[in-house]
Novice: 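Below: one structure in structure tokens.
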Amino acid sequence: MKNREIAKLFEKMADMLEFKGENVFKINAYRKAARVIGDLSQDIDKLNREGTLRDIPGVGEGIAKKIKEYLETGQISKYEGVRKGVPDDLLAMMTIPGMGPKTVALVHKTLGISSIAELEEAVEKGRLRDLPGMGVKKEENILRGIALLRQSGERIALGVAIPILDEIVAEFKRRAKVQKILPAGSLRRMKETIGDIDILVTGHDGRKIIKAFTELPQVQEILAAGDTKGSIIVPGGLQIDLRVVPRASYGAALQYFTGSKAHNIHLREIAKTKGMKISEYGIFRGDRKIGGRKEEEIYTELGLAWIPPEMREDRGEIALAAQGKLPRLVEEKDIRGDLHVHSNWSDGSATIEQIALAARKRGYQYVAICDHSQSLKFAGGLSERRLLEQMEEIRRLNEKFSGIVVLAGTEVDIKTDGSLDYPDKLLEKLDVVVASIHSGFKQPEEKITARLLSALDNPHVDIIAHPTGRLISSRPPYLVSLEEVFAKAAETGTALEINAYYDRLDLNDTHCKRAAEMGAKLSIGTDAHHTDQLWMMRLGVAVARRGWLEKADLLNTWSVQRFRRFLSGH
DNA sequence: GCCGTTTTCGGCCCGACTGTTTTCAGTCG
């Protein structure tokens, strides 16, 4: 899929045109096209061949032509032309907080500055302060911006941010008198990575509330502490902002700070056509406020159904909300079992018994033990004999326990030649067979796709685990034709996993949406190696919700009886 | 550059903050 490649190209195009002082609406048009293409669940190459590029919202005649040109020749002549006049170093300067295109253009034109290092030197010599619109304070801000850019961390994984937030909210509630408290921003939307966290509260004494916030034991650094906004850094470099808002505009503020930006812009455009206006203070008709205490009011006044935060990415959810056709998203309480857990028989650390008890405590009906297979020596993969022993142990435990069914499973390795790491005769004996790739990540796309297709064709394989192999913090996905994988999964009735482990989330939101659209079934497994990782089911459910999945799309919302029927029929 | 139950031309989200101004430009979220 070249979607991301093309999205990045248009994003850079927008940056370059911005520097050149082009019309801002044209720049925004490129930005919008870049975002929509990057979010697209279908292969853009396929859309081009079908001649439906212009059905993509934000893609008109000009951009469609450029996409076509890129897909056919590997480059876009206009892009190459613009690029000659705008070195990458100049674009890098625009990433300094406080430095926008205008300021970069100014220092470049008047002082010939074309890199961050040169800029820093010029500021230190006081060469900027005499330029029009500049001053000593601006110079100081630029230096601060450069320092900020250098120390600013990467976005962190959702599964890392959530425990930090939970701990802070719990401690904060003990110390401050607040009425309502909710996180907003990308964390409320459960995006797979988080830049910073915004928390919204209502309460009486703003200053006191902010004071309590900045005195939390987790605080490493205080960035701001006013009457309505406090900003701290906690260990790990994560920034957390707390905003105190009046009750009367709590809903509007929550809606506003939850975003996404694209979703909010789209809502405001609709408001405008209806003679209304939305801000973080409320929704207005003329000067009259017609709502804002509750978040729902913003949507209902616009004639829309309330949209779950996970869907607010401007990927078509607003049109569905207008027609009253939003999906009924799956919820965590719908989940009946975890279909991917490792025990201490391979590289996990809990006994099967501990896992069974923990799963029962979570209210599950079943849990699948899926330890690694024999060739994965470094992960303690089970020999055929050990796997048979484990099946015997699971049988014994099932006799002992009530209220939870332990399923005998495996995470069988799909070897580099596409064969499975256990013979069919053994796989046949298991309740659940999960298959996945752990080696040969660098193989060409056709090879890896073929490996997955042959695993999908094996009648004993029930689920393909982490289908793209990516690790959020450290490893890009291997090259694979997901369209072929999804089509084959739909054909064979094999499920595709949403791996809920915090560093995987694989399939991701747009992938699982596409897979479901193509008729494939999905399942969520935590890949937990510890009983205290079972909570990550919440992350998997979030991915499913961001992929618009309903209860019926996921195997592990089924009762144990129905799930067993699926397994035996498969 | 995109888009159309107000428009095929003339629009294109909204408000706050900062630092520089003497009424506003630039930047941010």
Side-chain angles (χ1 to χ4, degrees), chain A residues 10-11 13-37 53-67 76 78-79 82 93-107 128-142 144-145 148-149 152 184-186 189 195-198 200 224 226-229 231 239 241 243 245 249 252-253 255-284 292 298 302-303 314 318 322:
Chain A
F10 287 143
E11 187 56 43
M13 184 78 152
D15 288 344
M16 295 188 301
L17 293 178
E18 195 172 31
F19 170 75
K20 292 179 76 135
E22 258 284 5
N23 177 307
V24 287
F25 300 110
K26 187 192 277 193
I27 293 164
N28 283 339
Y30 275 112
R31 289 244 152 83
K32 182 173 183 191
R35 182 183 59 75
V36 173
I37 292 165
L53 283 178
R54 293 197 53 185
D55 293 346
I56 304 170
V59 174
E61 197 187 338
I63 289 184
K65 251 174 85 182
K66 292 184 179 72
I67 295 171
I76 299 171
K78 165 141 189 204
Y79 172 84
V82 174
M93 266 201 277
M94 278 168 46
T95 63
I96 300 169
M99 286 284 285
K102 296 287 189 316
T103 318
V104 172
L106 178 73
V107 300
L128 258 61
R129 63 188 59 170
D130 298 326
L131 296 178
M134 303 295 284
V136 177
K137 282 238 169 122
K138 279 244 167 146
E139 285 186 335
E140 288 169 6
N141 282 341
I142 289 171
R144 206 172 307 141
L148 216 61
L149 179 69
S152 79
S186 51
R189 302 200 314 279
D196 54 19
I197 300 179
D198 273 312
L200 239 54
D227 289 340
T228 62
K229 183 180 163 179
S231 193
Q239 180 175 335
D241 295 345
R243 292 166 196 275
V245 299
S249 54
Q255 198 288 319
Y256 172 82
F257 284 112
T258 297
S260 68
K261 188 173 173 174
H263 175 88
N264 284 356
I265 289 175
H266 195 154
L267 286 189
R268 286 167 196 198
E269 283 167 358
I270 291 174
K272 204 162 178 177
T273 65
K274 297 185 183 245
M276 294 186 257
K277 192 183 69 174
I278 309 170
S279 75
E280 58 264 53
Y281 302 107
I283 178 162
F284 303 84
I298 307 292
L302 292 176
D314 194 28
I318 293 172

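The shown structure was predicted, so the numbers you read here are calculated from the model rather than taken from an experiment.
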Novice: When all nucleic acid strands are considered with a 4.0 Å heavy-atom cut-off, which category describes Val136(A): base, sugar-phosphate, or nothing?
Specialist: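 Sugar-phosphate: the residue Val136(A), judged by heavy atoms under 4.0 Å, touches backbone atoms but no base.
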
Novice: Pick the closest DNA chain B nucleotide for Leu131(A) and for Gly100(A) by heavy atoms, then say which residue is nearer the 5' end.
Specialist: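 By nearest-heavy-atom nucleotide position, the 5'-most residue is Leu131(A).
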
Novice: Could you tell me how far dC17(B) sits from dT21(B) if I compare only their C1' atoms? Round to whole Å.
Specialist: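 My reading of the C1' atoms in dT21(B) and dC17(B) gives 15 Å.
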
Novice: Is the shortest side-chain N to carboxylate O distance from Glu280(A) to Arg243(A) below 4.0 Å?
Specialist: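 Salt bridge between Glu280(A) and Arg243(A), a charged N being under 4.0 Å from a carboxylate O: no.
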
Novice: For a 4.5 angstrom cut-off between non-hydrogen side-chain atoms, does Ile67(A) reach Ile37(A)?
Specialist: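 The answer is yes; the side chains approach within 4.5 Å.
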
Novice: Please report the distance separating the P of dT20(B) from the corresponding atom of dC28(B), rounded so that it comes out in whole Å.
Specialist: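 Those two atoms are separated by 16 Å.
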
Novice: Is it the case that the side chain of Ser260(A) and the backbone of His263(A) share a donor-acceptor pair, with hydrogens and angles ignored and the cut-off at 3.5 Å?
Specialist: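 Yes.
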
Novice: Taking 5' to 3' order, which nucleotide of DNA chain B is first and which is last to have an atom within less than 4.0 Å of a heavy atom in chain A?
Specialist: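 Contacts span dG1(B) to dG29(B), reading 5' to 3'.
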
Novice: Regarding Val24(A), tell me which of base, sugar-phosphate or nothing describes its non-hydrogen contacts under 4.0 Å with the strands shown.
Specialist: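 Touches nothing.
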
Novice: Please work out if Ile96(A) contacts a base, only the sugar-phosphate, or nothing of the nucleic acid, heavy-atom cut-off 4.0 Å.
Specialist: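 Sugar-phosphate, backbone atoms only, no base.
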
Novice: Scan Lys274(A) against the nucleic acid and name what it touches under 4.0 Å (heavy atoms): base, sugar-phosphate only, or nothing.
Specialist: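 It contacts nothing in the nucleic acid.
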
Novice: Indicate, with a heavy-atom threshold strictly under 4.0 Å, whether Phe257(A) touches base, sugar-phosphate, or nothing.
Specialist: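 Answer is nothing: Phe257(A) stays at 4.0 Å or more from every strand.
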
Novice: Which part of the nucleic acid does Lys261(A) contact within heavy-atom distance under 4.0 Å: base, sugar-phosphate only, or nothing?
Specialist: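 Base, at least one base atom sits under 4.0 Å.
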
Novice: Using a heavy-atom cut-off of 4.0 Å across all strands, would you classify Pro101(A) as base, sugar-phosphate, or nothing?
Specialist: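 Since only primed, P, OP1 and OP2 atoms lie under 4.0 Å of Pro101(A), the category is sugar-phosphate.
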
Novice: Ile278(A) near the nucleic acid: base, sugar-phosphate alone, or nothing, with a heavy-atom cut-off under 4.0 Å?
Specialist: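 Here Ile278(A) touches the backbone only, sparing every base.
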
Novice: Find the partner of dG29(B): check Watson-Crick (N1-N3 plus N6-O4 or O6-N4) and G-U wobble (N1-O2, O6-N3) distances, both under 3.5 Å, and reply none if neither fits.
Specialist: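 Base-paired to dC14(B).
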
Novice: Please check if atom CD in Glu61(A) has more than 12 non-hydrogen atoms from other residues, nucleotides or ligands closer than 6.0 Å.
Specialist: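 No - once you tally the heavy atoms of other residues, nucleotides and ligands closer than 6.0 Å, there are 12 at most.
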
Novice: Counting any heavy atom closer than 4.0 Å, what does Ile265(A) reach on the DNA or RNA strands: base, sugar-phosphate only, or nothing?
Specialist: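 Base contact - Ile265(A) has a heavy atom under 4.0 Å of at least one base atom.
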
Novice: Looking across every strand, which nucleic acid part, if any, lies under 4.0 Å from Asn264(A) by heavy atom: base, sugar-phosphate, or nothing?
Specialist: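 No contact.
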
Novice: Mapping Asn141(A) and Ala29(A) to their closest nucleotides on DNA chain B, which lands nearer the 5' end?
Specialist: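 Of the two residues, Ala29(A) wins.
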
Novice: Once you apply a heavy-atom cut-off of 4.0 Å, does Lys65(A) come out as touching a base, just sugar-phosphate, or nothing?
Specialist: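 Result for Lys65(A) = nothing.
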
Novice: Can you confirm whether Arg31(A) sits close enough to Glu18(A) that some side-chain heavy atom of one is under 4.5 Å from a side-chain heavy atom of the other?
Specialist: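 Arg31(A) reaches Glu18(A) side chain to side chain.
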
Novice: Could you tell me whether Lys138(A) contacts a base, only the sugar-phosphate backbone, or nothing, with contacts defined as non-hydrogen atoms closer than 4.0 Å?
Specialist: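 Sugar-phosphate, no base atom in range.
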
Novice: With a 3.5 Å cut-off and no angle check, do the side chains of Gln239(A) and Ser231(A) form a donor-acceptor pair?
Specialist: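 Result is yes, a qualifying pair exists.
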
Novice: What integer number of Å spans the P atoms of dA16(B) and dT23(B)?
Specialist: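 Per the computed distance, 23 Å lies between those P atoms.
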
Novice: Between dG11(B) and dT6(B), how far apart are the two C1' atoms, rounded to whole Å?
Specialist: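 Each nucleotide's C1' atom is 12 Å from the other's.
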
Novice: If we take the P atom in both dC3(B) and dC13(B), what is their distance in whole Å?
Specialist: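 That atom pair is separated by 14 Å.
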
Novice: Would you say that Met134(A) contacts Ile142(A) through its side chain, given a criterion of any heavy-atom pair below 4.5 Å between the two side chains?
Specialist: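 Yes, their side chains come closer than 4.5 Å.
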
Novice: Under a 3.5 Å threshold, yes or no: a donor from one side chain and an acceptor from the other, between Asn141(A) and Arg144(A)?
Specialist: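 Side-chain D/A pair, Asn141(A) to Arg144(A): present.
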
